[in-house]
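See below for the structure under consideration.
Atoms within a ligand are numbered from 1 in the order they appear, just like the ligands themselves. Basis for what follows: all heavy atoms, side chains included, without hydrogens, waters or symmetry-related copies.
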Amino acid sequence: METRIGKRLIIIAIDGPAASGKSTTARIVAGKLGYTYIDTGAMYRAVTLKVLRSGMLDELRRDAGLVAGLLGDTVVEFRGDRVYLDGEDVSEAIRENSVSREVSFVSSLKPVRDRLLELQQKMGAARGVVMDGRDIGTVVFPDAEIKIFLVADPHERAKRRHAELAGKVGSAATPTVEELEEEIRQRDRDDEQRTHAPLKRHPEAAVVDTSLLTIDEQVARVYDLAMNVLEG
Ligand code: DC
């Protein structure tokens, strides 16, 4: 692709907690490099949507092994920046609060992680990807040339999420900043404390605190790191 810098293709792994700015940064950096952007959170959300629709959530809480049957031949794929679950465009549906509330539980299940890990490693096998999530630098691609760990103050993250939701559904339908902050803190705890592939910084990952950074500044930090590797 013409926009690619140099001949070498690398993997950029961006991990961090909910609403830390990962997706926005990853998408823009991928665009600038001519790379593919892979939002692994969207993949966990798609599987969560499937679980919710199946009505099996409570059964799974009692017997996690049952999820294997549901995963069966589940297909999660990206076409451009849209996410498809078994051929259906679920890009909007996976952002609903019902999904956000249960995604930490569903993504803590080992069969779900094993399945998505395999898919994600296939998607990045040719390199030339920016992948964001919770365990990309630690588990999915520990050999990623660039590993970033984005962090941001929980209150700041709640304010961002609030503005984003208010823009989409209107302020009346949007939870308060305080409610969102509590949800975010809870999700951080769940993601950090789970047994399989918890949210954790790889020792080599560069920490970028986005609390006081604009999107342009976040993008510049990651892009500069990439250029150092690609031109170095
Ligand atoms: O990035 P996000 O908030 O859309 O991710 C939703 C959830 O998916 C997150 O709370 C935990 C899970 N997740 C994960 O376990 N591993 C990843 N690589 C990405 C997301």
Can you tell me which residue and heavy atom of the protein come closest to atom 16 (N) of ligand 1, and the distance to 0.1 Å? R113 NH2, 3.0 Å
Give a yes or no on whether a salt bridge exists between E182 and R189, defined as a side-chain N under 4.0 angstrom from a carboxylate O. yes
Under a 3.5 Å cutoff, is there a donor and acceptor pairing between the side chains of T210 and R160? yes
Number the atoms of ligand 1 from 1 as they appear, then name those within less than 4.0 Å of a heavy atom of D191, with their elements. 9 (C), 10 (O), 11 (C)
Check whether any N or O atom of R45, backbone or side chain, sits under 3.5 Å from an N or O atom of ligand 1, and answer yes or no. yes
For Y44 and R113, does a side-chain donor sit closer than 3.5 Å to a side-chain acceptor? yes
In this structure, atom 17 (C) of ligand 1 is nearest to the protein heavy atom R134 N, 3.3 Å
If the contact criterion is a heavy-atom separation under 4.0 Å, does Q120 count as touching ligand 1? no
Less than 4.5 Å apart, any side-chain heavy atom of H202 and any of D15? no
Does R194, backbone or side chain, put an N or O under 3.5 Å from an N or O of ligand 1? yes
Worked verdict on F105 versus L60 for side chain to side chain contact (heavy atoms under 4.5 Å, CB included): CA-CA 10 Å; F105 165 67; L60 290 187; 4.3 Å; yes
Assess, by modelled atom type and distance only, whether the side chains of R221 and T25 contain a donor and an acceptor separated by less than 3.5 Å. no
Atom indices of ligand 1 within 4.0 angstrom of S107 heavy atoms, with elements: 11 (C), 12 (C), 15 (O)
Pair V139, H196 - check side chain to side chain contact (heavy atoms under 4.5 Å, CB included), show working. CA-CA 10 Å; V139 176; H196 309 294; over 6 Å; no
Would you mind listing which atoms of ligand 1 come within a distance below 4.0 Å of any non-hydrogen atom of S104? 10 (O)
What do you reckon, does M43 put a non-hydrogen atom under 4.0 Å from ligand 1? no
How far is atom 10 (O) of ligand 1 from the closest protein heavy atom, and which atom is that? R187 NH1, 2.7 Å
Report, in ascending order of atom number, the atoms of ligand 1 lying under 4.0 Å from any heavy atom of D135. 16 (N), 17 (C), 18 (N)
Check this for me, if you would: do D188 and R134 make a salt bridge, where the nitrogen-to-carboxylate-oxygen distance has to be below 4.0 angstrom? no
T40 N/O under 3.5 Å from ligand 1 N/O: yes
